[in-house]
Amino acid sequence: MAPRSPEQLYAARVTRALKKDYPDVTCALEFESPVQLLVATILSAQCTDKQVNIVTRSLFQKYRTAADFAAANLPDLENAIKSTGYFRNKAKNIKACCQRLVERHGGEVPRNLDDLVQLPGVGRKTANVVLGTAYGIASGVVVDTHVARITHRLGLTKSSDPVKIEQDLLVLLPQKEWINFSHRLIYHGRSVCNARKPRCEECSMRKFCPRVGVEA
DNA sequence: CTCCCGATAT
DNA sequence: ATATCAGGAG
């Protein structure tokens, strides 16, 4: 066992509290294949997972495979995902992304970060979600709006840049924890530590959170 | 940095 | 009315 810094011990304390609160938490996005998870994750940008699941329920009946999305009529696809917002960008990216899956990856979602982030509309956050949740590959730590906000509030990072936050978390957390740490923080971010009105009195981490009692 | 954008809570 | 929601690209 490698020696651990005070920051790593603090991160372990946070991890223990999250495990106790959310023992069985997992990805909230609903899917039946890696391709579907990729599409759902693209749709989840600046949209609630609840709304994404409403849309994908019917969407995945009409489009099942990468080939289906690659052949989609763009206005039809736009209309089908309209309620998730950014629907023109998302529809264009999903179609182009799946066209490339068919052309270069045999219709499958690649299992490495470099190939994934080359896909249109797929950044580091989406790539980490797909690798971790569809394939169980801990390629990094998913840093979305919830993870960014809460790690900053807890003092696990001083940065507000998602890329730098992930670099900090990669050092603070053992690789074994990477995938589920994000799932738990995201769930915690929706239910307790939300952006506008955090429910600190209900938070199990209030005893050591440096933000409790601090305004703004 | 800006733009993309509908649904919901406050 | 406004902030925010499992971001990414130009």
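Both backbone and side-chain heavy atoms feed into the values below; hydrogens, waters and symmetry mates do not. Throughout, protein chains are lettered first and strands after them, A, B, ... in sequence-line order, and every chain is numbered starting at 1. Note that the structure is predicted; figures quoted are calculated from it, not measured.
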With Arg153(A) via salt bridge (charged side-chain N to carboxylate O under 4.0 Å, His left out) - residues at least two apart = none
Determine the minimum heavy-atom distance between Ser5(A) and Gln8(A), stating which atoms define it.
-> N-OE1, 2.9 Å
Any sub-3.5 Å donor-acceptor pair from Thr151(A)'s side-chain atoms to Ala148(A)'s backbone N or O?
-> yes
With P as the reference atom in both, quote the distance from dC4(B) to dA1(C) in angstrom, rounded to an integer.
-> 22 Å
Between Glu30(A) and Thr56(A), does any side-chain donor sit less than 3.5 Å from a side-chain acceptor?
-> no
Sequence neighbours excluded - ring pair (Phe, Tyr, Trp, His ring centres under 6.0 Å) pairs with any residue from residues 126-158 of chain A = none
First and last nucleotide of DNA chain C, 5' to 3', lying under 4.0 Å from heavy atoms of chain A | dT2(C) to dA9(C)
Does Lys95(A) reach the main-chain N or O of Leu74(A) with its side chain, forming a donor-acceptor pair under 3.5 Å?
-> no
Output all residues satisfying side chain to side chain contact (heavy atoms under 4.5 Å, CB included) with Asp21(A), sequence neighbours left out; order by chain, then residue number.
-> Ser204(A)
Between Pro120(A) and Ile186(A), which is nearer to the 5' end of DNA chain C once each is assigned its nearest nucleotide?
-> Ile186(A)
Please work out which residues in residues 152-167 of chain A have a non-hydrogen atom less than 4.0 Å from an atom of DNA chain C and list them by number.
-> none
Answer with base, sugar-phosphate or nothing: what part of the nucleic acid does Thr84(A) contact at a heavy-atom distance below 4.0 Å?
-> nothing
Sort and list the pairs that fulfil ring pair (Phe, Tyr, Trp, His ring centres under 6.0 Å) and have at least one residue in residues 47-69 of chain A, not counting sequence neighbours.
-> Tyr63(A)-Phe69(A)
Listed in order of residue number, which residues of residues 15-27 of chain A have a non-hydrogen atom at under 4.0 Å from DNA chain C?
-> Cys27(A)
Taking the P atom of each, how far is dA6(C) from dC3(B), in whole Å?
-> 24 Å
For Asn89(A) and dT2(B), give me the distance from atom CG to atom C1', rounded to whole Å.
-> 13 Å
With sugar-phosphate meaning primed atoms plus P, OP1 and OP2, does Leu119(A) contact a base, only sugar-phosphate, or nothing at under 4.0 Å between heavy atoms?
-> sugar-phosphate
Name all residues meeting the salt bridge (charged side-chain N to carboxylate O under 4.0 Å, His left out) criterion together with Asp49(A); count only those two or more places apart in sequence or in a different chain, and write none if there are none.
-> Arg190(A)
Applying salt bridge (charged side-chain N to carboxylate O under 4.0 Å, His left out) to Arg88(A) and not counting sequence neighbours gives none
Contacts of Glu177(A) meeting salt bridge (charged side-chain N to carboxylate O under 4.0 Å, His left out) (sequence neighbours excluded), chain-then-number -> Lys19(A)
DNA chain C: Arg190(A) or Val117(A), which has the more 5' nearest nucleotide?
-> Arg190(A)
Any side-chain heavy-atom pair of Asn180(A) and Val25(A) under 4.5 Å = no
Kindly write out the residues that satisfy side chain to side chain contact (heavy atoms under 4.5 Å, CB included) with Glu103(A), not counting sequence neighbours, or none if the list is empty.
-> Gln99(A)
Interface with DNA chain B, restricted to residues 35-65 of chain A and to heavy atoms under 4.0 Å | Gln46(A), Gln51(A)
